[in-house]
Amino acid sequence: TQAAQSGRLSERSTKVRTIFARFGMIGLAVATVGCDRVTKHFATRLLEGEPARSYLGDTVRVTYAENVGGFLSLGGNLPDRARTAIFPIGTGPVLLALAVVALRGRWSGMRLAAVVLFLAGGASNWIDRALQGSVVDFLNVGLGPVRTGIFNVADVGVMLGAFLLLLAELGSRSTAR
């Protein structure tokens, strides 16, 4: 019958959309980690031991920094054992738990894209900390005296993911009312 045929087409169309969405999320993760790895490589090759460079009227500064701490060097002054426990050892299970929550919750749309960005950025920095004990940071932006700390592309993924997740949550709460 026509109704049964329409139902099969709808089901097939949903499966195709799901497959494309999954490949899109994999692509987003690969792009985030890949861009981070490549930019850190070039930052190390081109900036290590060189003076900072300024662009766009000092809006963007590019400089080499090794960050043994967390985001914006938080925890960088902790003893080695504490840093090792928190960053390479503690971060891995947290990232894994977030991935499990997203998968079990069958997150989709902006919420899933947000967690993929967060996880990809976090994983890329986690790999650096686990293998090298530090992360290469090289970007600084600001206007006049108001500036960010030095960061990298993985940090952008983490922050963009956190921001999008916040937007998704606020949006879902406003539609639930």
Expected list for residues 137-146: side-chain donor-acceptor pairs under 3.5 angstrom, two or more places apart:
from	atom 1	to	atom 2	distance (Å)
D137	OD1	N152	ND2	2.7
D137	OD2	N67	ND2	3.1
N140	OD1	R147	NE	2.5
N140	OD1	R147	NH2	2.9
N140	ND2	T148	O	2.5

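Taking R83 as the reference, D80 meet the salt bridge (Lys or Arg N to Asp or Glu O under 4.0 Å) condition, with sequence neighbours excluded. Annotation: side chain to side chain contact (heavy atoms under 4.5 Å, CB included) contacts of L103 (sequence neighbours excluded): none. Not counting sequence neighbours, the partners of E66 by the side-chain hydrogen bond (donor to acceptor under 3.5 Å, both in side chains) test are Y64. In this structure, R53 has no salt bridge (Lys or Arg N to Asp or Glu O under 4.0 Å) partners at least two apart in sequence or on a different chain.
Counting only distance, with no hydrogens or angles, the side chain of T91 and the backbone of P88 share no donor-acceptor pair below 3.5 Å. Formation of a donor-acceptor pair under 3.5 Å by the T39 side chain with backbone atoms of C35 is found in this model.
With hydrophobic clusters built from ILVMFWY side chains whose heavy atoms lie under 4.5 angstrom apart, L167 shares a cluster with L119. Connection of V101 to W126 is established within a shared hydrophobic cluster, with ILVMFWY side chains joined at heavy-atom distances below 4.5 Å, either directly or through further cluster members. V33 and V116 are not part of a single hydrophobic cluster, where members link through side-chain heavy atoms under 4.5 Å apart. Linking ILVMFWY side-chain heavy atoms closer than 4.5 Å, directly or via other members, places I127 and I86 in two distinct hydrophobic clusters. Hydrophobic clustering (side-chain heavy atoms under 4.5 Å, transitive across Ile, Leu, Val, Met, Phe, Trp, Tyr) groups V62 together with F151.
Here the side chains of S134 and R129 are not in contact, with every heavy-atom distance at 4.5 Å or above. No side-chain heavy atom of M159 sits under 4.5 Å from any side-chain heavy atom of L117. With contacts defined as side-chain heavy-atom distances shorter than 4.5 Å, the pair D128/R37 qualifies.
Atom CG in L112 sits 10.0 Å away from atom CZ in R22 (nearest 0.5 Å).
Residue V68 comes nearest to G133 through the heavy atom pair CG1-O, 3.9 Å, listed as atom of the first residue, atom of the second, then distance. Between V115 and A102, the shortest heavy-atom distance links the atoms CG1-CB, 3.8 Å. Looking at every heavy atom in both residues, A154 comes nearest to S124 through CB-CB, 4.2 Å. Nearest heavy-atom pair, G122 versus V158, reported as atom, atom and distance to 0.1 Å: N-CG2, 3.4 Å. Taking both residues in full, the closest heavy atoms of F87 and L74 are given as CZ-O, 3.3 Å, listed atom of the first, atom of the second, then distance. The shortest heavy-atom contact between A123 and L95 is N-CD1, 3.6 Å.
Residues in residues 99-112 take part in these side chain to side chain donor-acceptor pair (under 3.5 Å) pairs, two or more places apart or across chains: R111-E169.
Heavy-atom contacts from other residues, nucleotides or ligands closer than 6.0 Å to CE of M110 number more than 12.
Each of V156, D155, N125, V136 was evaluated against D36; a single residue qualifies, N125, per the side chain to side chain contact (heavy atoms under 4.5 Å, CB included) test.
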